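I have placed the structure first, in the form of structure tokens, so that the comments after it can refer back to it.
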Amino acid sequence: MDKSLLEKIEPKFDSLTGVYERFAIENLARRLLEEKHPFALILVDGDNFKNVNDGYGHKVGDLVIQILADKIKSAFEGKGFVGRFGGDEFMVVLPDVVEYDAIWKTCNDMHAKFEEFSVPGYPAIFVTITTGLSRFPNDGSSYDELFEKSDKALYRGKQKGRSCFIIYLDEKHRDIKIHSSNEPNANSMQQHNTVFNLIARSQNLSESIPYLLQFFTTTLMIDHVGIQGKDSLLFSEVYALSRGRKFSYIDNSLISLNVNRTTEIFYINEIKQLVSLHQDVLVKKFEEQQIVSACYVEISYAGNFYGYLRADTTACFRIWQHTDMDLLLTAAKAIAMSLYYQGKTLEEM
């Protein structure tokens, strides 16, 4: 990194983390824009950090923020400048690295540092990050324009399931509309209504389900969504950008061992968690299909079990959100009720 760039940044540091303050990191970005110096504007956001503050208190929350900052700083040491944007949000200005392959590798290396995230004294805390970025001059000529596009990329990463990085591409991301914190309930209602309408679009479930699965893969950006009956995978939809392509039936008995009887859901953010539970057979089945995280919801109603609605990811693990699982649960129960009142099984559709 050109040491002369240090002269362009205000020597003001965040007292908690030791990285630059928000004003300083923003000012650097504006200076580079004025001088037409190529750079990447990277937004890094901690995933589900609110759960840490709510569950452990702000003192532990501050410790987690410090660890986040240290890992981000180490990833960009000698290459870029890290600032705390607010809370668990950070901004990185990365000069001269704007080629797609180079920025992809840089972000991938940063995310790899979070695979071994740990908080001393609190082994149950596991925090990941989501990253969105844009590049100058590729994506804009003003700070506001670049920030908006980095924010859109970050928002897409959150939609995708968190714990990932998204490089802004105009053809993919320009139409993204970022919802404010006051809008998620309305958005959730719309999605639940869509699920019901897709299931009810035909009296024949076998005609409706493919549309439902396509909705899940594209809206939630899940690599694979399928429905398996008592002994086979009956429906399967693979996301166009999924790294894994071959999915097959997983014995229901292996899933039922892990289902929460209250919610009738089994989910795993990362299959490594199953290793400590000595579920070697299930781990092997997941590995054979390149599955790294999964969510399985019982298709059951009035004491009748029909199978599972399953969602699998392959390239990176997913932090399953309650909003995601709520939608899957809604779909599974609606399918089960339809089967119950028609007196059919999944195999008889």
Side-chain angles (χ1 to χ4, degrees), residues 46-52 55 111-112 114-119 122-130 157-164 213 216-217 219-229 233 235-239 242-300 305 307-333:
D47 296 325
N48 300 319
F49 179 73
K50 184 177 183 296
N51 296 339
V52 176
H111 276 252
F114 284 83
E115 292 179 1
E116 304 299 329
F117 188 94
S118 64
V119 181
Y122 300 91
I125 296 178
F126 182 69
V127 176
T128 58
I129 56 169
T130 300
K158 295 288 187 181
Q159 283 184 313
K160 189 177 179 180
R162 296 166 166 76
S163 185
C164 64
L213 301 189
F216 279 131
T217 57
T219 302
L220 302 182
M221 295 182 72
I222 300 173
D223 290 331
H224 172 250
V225 183
I227 290 179
Q228 59 182 50
L233 183 61
F235 297 89
S236 184
E237 179 72 23
V238 181
Y239 185 49
S242 173
R243 183 176 300 176
R245 310 300 300 177
K246 297 180 180 179
F247 297 93
S248 58
Y249 173 77
I250 294 177
D251 197 303
N252 287 334
S253 64
L254 297 174
I255 305 302
S256 62
L257 289 171
N258 299 283
V259 170
N260 182 305
R261 297 321 315 166
T262 301
T263 62
E264 298 184 344
I265 294 175
F266 158 58
Y267 73 94
I268 192 80
N269 292 328
E270 188 175 11
I271 65 166
K272 289 180 182 178
Q273 296 169 288
L274 291 173
V275 175
S276 61
L277 299 176
H278 307 293
Q279 299 200 35
D280 298 340
V281 177
L282 182 54
V283 170
K284 183 179 179 181
K285 294 294 183 182
F286 280 151
E287 288 178 341
E288 287 173 352
Q289 300 180 42
Q290 297 181 276
I291 296 170
V292 295
S293 64
C295 179
Y296 287 61
V297 185
E298 274 193 9
I299 301 174
S300 59
F305 172 79
Y308 287 104
L309 172 59
R310 56 182 279 188
D312 310 296
T313 71
T314 57
C316 59
F317 60 85
R318 184 182 185 108
I319 308 298
W320 292 98
Q321 302 298 302
H322 290 299
T323 51
D324 300 343
M325 293 188 285
D326 283 347
L327 278 178
L328 293 168
L329 182 63
T330 294
K333 296 311 173 185

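Because the structure is a prediction, the values reported are computed rather than measured.
For Thr217, there are no side-chain hydrogen bond (donor to acceptor under 3.5 Å, both in side chains) partners, not counting sequence neighbours. Residues passing the side chain to side chain contact (heavy atoms under 4.5 Å, CB included) test with Val292, sequence neighbours excluded: Thr313, Phe317. Residues passing the salt bridge (Lys or Arg N to Asp or Glu O under 4.0 Å) test with Lys158, sequence neighbours excluded: Asp45, Asp47. Applying the side-chain hydrogen bond (donor to acceptor under 3.5 Å, both in side chains) test to Ser248 and every residue at least two apart in sequence or in another chain returns Gln289. The ring pair (Phe, Tyr, Trp, His ring centres under 6.0 Å) search around Phe305 returns Tyr308, not counting sequence neighbours. By the side chain to side chain contact (heavy atoms under 4.5 Å, CB included) test, Glu287 is found to be paired with Ile271, Val283, residues two or more places apart in sequence or in another chain being considered. Applying the salt bridge (Lys or Arg N to Asp or Glu O under 4.0 Å) test to Glu270 and every residue at least two apart in sequence or in another chain returns Lys272. For Ala331, the side chain to side chain contact (heavy atoms under 4.5 Å, CB included) criterion is met by Val195, Ile199, Leu212, Phe216, Leu309, not counting sequence neighbours. In this view, Asp312 and Arg310 satisfy the salt bridge (Lys or Arg N to Asp or Glu O under 4.0 Å) rule, not counting sequence neighbours. Listed by chain and number, the residues in a side chain to side chain contact (heavy atoms under 4.5 Å, CB included) with Asn260 are Thr262, Thr263 (sequence neighbours excluded).
Listed by first then second residue, pairs satisfying salt bridge (charged side-chain N to carboxylate O under 4.0 Å, His left out) with a partner in residues 246-266 read Arg261-Glu298, Glu264-Lys333, not counting sequence neighbours. Here ring pair (Phe, Tyr, Trp, His ring centres under 6.0 Å) pairs that include residues 243-266, with residues two or more places apart or in two chains, are His224-Phe247.
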Quiz item: Going through the checks in order, is the side-chain contact (heavy atoms from CB on, under 4.5 Å) test met by Ile265 and Leu328?
Solution: CA-CA 9 Å; Ile265 294 175; Leu328 293 168; over 6 Å; no
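In this structure a side-chain-to-backbone donor-acceptor pair under 3.5 Å is missing from Asn269 to Ser293. Although no hydrogens or angles enter the test, the distance criterion places a donor-acceptor pair under 3.5 Å between the side chain of Thr130 and the main chain of Ser163. Listed for the Gln273 side chain is no donor-acceptor partner under 3.5 Å among the backbone atoms of Ile268.
Side-chain atoms of Asp223 and Gln290 include no donor-acceptor pair closer than 3.5 Å.
Rounding to the nearest 0.5 Å places CG of Asp324 at 11.5 Å from OH of Tyr267. With values rounded to the nearest 0.5 angstrom, Thr128 atom OG1 is found 4.0 Å from Ile319 atom CD1. To the nearest 0.5 Å, the span separating CG on Leu274 from NZ on Lys285 amounts to 14.5 Å.
When side chains are defined from C-beta on, Arg318 counts as touching Ile222, because their heavy atoms get closer than 4.5 Å.
Within a 6.0 Å radius of CZ in Arg243, other residues, nucleotides and ligands contribute 12 heavy atoms or fewer.
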